[in-house]
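Numbers restart at 1 for each chain; the letters A, B, ... are given by sequence-line order, proteins then strands. Heavy atoms only: backbone and side chains are in, while hydrogens, waters and symmetry mates are out.
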Amino acid sequence: MRKYSNELKPEEIVEIAGWIHEKRVHGKLVFLILRDREGFVQITVSKKDVDEETFKIAKKINKESVIKVIGKVRNEPRAPNGIEIVPNKIIVLNKAQAPLPMDPTEKVPANLDTRLDHRFMDLRRPKISSIFKIRSKILNFVRDFFHKRGFVEVHTPRIISTGSEGGTELFPVQYFEREAFLCQSPQLYKQILMASGLDKVFEIATYFRAEEHDTVWHLNEITAIDCEIAFIESHVDVMKLLEELVYSIIKNVNENAEKELKILGIDEIHVKSPFKKISYDKALEILKDLGLNIKYGEDLTTEAERKLYEYMKEEGYDLYFITDYPYIIRPFYTYIEGIESEKIDEIVEFLKENPFVKTRSFDLDYKGREISSGSQRIHKYEILIASLKVKGLRVESFKHYLEAFKYGMPPHGGFGLGIERLLMQLLNLKNIREAVLFPRDRNRLTP
RNA sequence: GUCCCGGUGGUGUAGCCCGGCCUAUCAUGCGGGACUGUCAAUCCCGCGACCCGGGUUCAAAUCCCGGCCGGGACGCCA
């Protein structure tokens, strides 16, 4: 049975396999540093301890070749970690070519682009694989979190028909004789499911956005955690759940990913609970005091987000909600305050006259960047039609979505949380591409 | 999409402003050699590069133009 480098006990005969991380030759004594998923172990090959063939292999083997070693573990204060393996046998499973396309030992740094071109090798660095071990732990935790609270995990379609929503650009795909698109969000489907009686659903999935942006903060293929809950009182219920989720993710990472955090040079991820909550209006006031004027009814700029974080940081908050955005900068399905009428024309008129009317909406910012956004949704058919019209969207193309609102749609709301963004802010990554194994951006389609 | 910066061995860089002392720096790597306790081993010998195209000039890694590629800021963005 193969063992990992962190499972070795002195005096055991073990089988271990991995990559040659380092090789140090001292004439008749060779040290091989073997790397596997869990760490490193030294293989000490002394000419007097092993047969001629084994010694020759040890001396000749080049870096990053894959070997299997059968040998005896022994305590040795001179060895790293205090133990080493004296091999009975070294089997070369596969030789690596030289030179390597990048240096996995981190002696010479590599540019992100070079690293992404040779991602498998980049991932041999414990610092890099730690990011994805943490990502895996988070996703496992999130599934558990939702299941424990009675949520049903769902999967909505990746391929959608035209005109599902305004806003972001879609990637077209050929769907037999028709044109279809890759989905950009589960929004409409998770809402439809609220009319199904499933009541509380969540989805962890990949979405595609054809925006031609080129920043350290955007990707064209993203993964998100989405949820939708029926029978809420307001967006505050949704915020409560999101806060609980994010807070317990951080707590969980601190408790269950200690080793990975240490490798990444992080002691403990700071989180102050409860999260700070301010309204959009209040945020604009604060920014004004900080000398930054945002025109009412406009989204916070990158600079504004940064300034607001500086302010929040003073109070000890890395995480904070911005709530109650004006209607004009929120999507059409966002719950609008103070609509009494049930007549579509009257609602349209009202919205046109009051573009800054408050909505039951929120963003969750983490260290100055938006990681999640959500809201209570409109559940009244007439208001939804009016809102679509005001936003200039074609009612006809939302036919199937709208039908769900005609025959018993409960009040509901939800959020979407970008996993890459969360991970990036959580681990202080400089580029969102670091949080994806094989990122897709404007210029990168391979590997 | 706009603006700024960049492209030098396998990798990361120095040199560029102020053209010629460049037969191009340093590190790492790679090949060979010495070495029985290294831990970025050490020491000796060797290998390997100016993104592409055009221009200016007696002379271009260096200056100019175009292209391609990359980095960053902003914008766009459910």
Checklist entry - Aromatic ring centroids of A:Tyr381 and A:Phe405 under 6.0 Å? => result no
Checklist entry - Can the ring centroids of A:Tyr296 and A:Phe356 be said to lie less than 6.0 angstrom from one another? => result yes
Taking a pair as Watson-Crick or G-U wobble with both distances under 3.5 Å, which nucleotide is matched to [N]?
N	answer
B:C26	B:G12
B:G70	B:C5
B:A34	B:U42
B:C58	B:G20

Work out how far the [atom1] atom of [N] is from that of [M], and round it to whole angstrom.
N	M	atom1	value
B:G15	B:A24	C1'	7 Å
B:C21	B:G37	C1'	48 Å
B:A27	B:C69	P	35 Å
B:A60	B:U8	C1'	14 Å
B:C35	B:C44	C1'	12 Å

Item to check | Donor on one side chain, acceptor on other, A:Tyr325 and A:Asp363, under 3.5 Å | outcome: yes
Report which part of the nucleic acid [X] touches: base, sugar-phosphate, or nothing (heavy-atom distance under 4.0 Å, all strands).
X	result
A:Thr114	sugar-phosphate
A:Thr301	sugar-phosphate
A:Glu106	nothing
A:Val25	base
A:Asp299	nothing
A:Arg421	nothing
A:Arg306	sugar-phosphate
A:Asn431	sugar-phosphate
A:Asn111	sugar-phosphate
A:Glu84	base
A:Pro109	sugar-phosphate
A:Glu303	nothing

Next on the checklist: Let's test your reading of the model: under 3.5 Å, does the base of B:G37 pair with the side chain of A:Arg74 as donor and acceptor?
Outcome noted: yes
Checklist entry - Hey, is the side chain of A:Gln42 pairing donor to acceptor with the base of B:U38 inside 3.5 Å? => result yes
Could you work out which one of [options] sits closest to the side chain of [X]?
X	options	value
A:His218	B:C76, B:G75, B:U38	B:C76
A:Lys48	B:U38, B:G29, B:U36	B:U36
A:Lys63	B:U36, B:C30, B:U28	B:C30
A:Arg78	B:C74, B:G37, B:G70	B:G37

Checklist entry - When you match A:Pro186 and A:Asp49 each to their closest nucleotide on RNA chain B, which lands nearer the 5' end? => result A:Asp49
Checklist entry - Closer to the 5' end of RNA chain B via nearest nucleotide, is it A:Asp113 or A:Ser46? => result A:Ser46
Looking at [Y], is [X] sitting on its ring face, NZ or CZ under 6.0 Å from the six-membered ring centre and within 45 degrees of the normal?
X	Y	result
A:Arg149	A:Phe145	yes
A:Lys367	A:Tyr309	no
A:Lys391	A:Tyr327	yes

Checklist entry - Should A:Thr302 be listed as having a side-chain N or O under 4.0 Å from OP1 or OP2 of B:G75? => result yes
Checklist entry - Is any side-chain nitrogen or oxygen of A:Lys107 closer than 4.0 Å to OP1 or OP2 of B:A27? => result no
Next on the checklist: Quick check on side chain to side chain contact (heavy atoms under 4.5 Å, CB included): which of A:Asn94, A:Val66, A:Ile67 does A:Trp19 satisfy it with?
Outcome noted: A:Val66
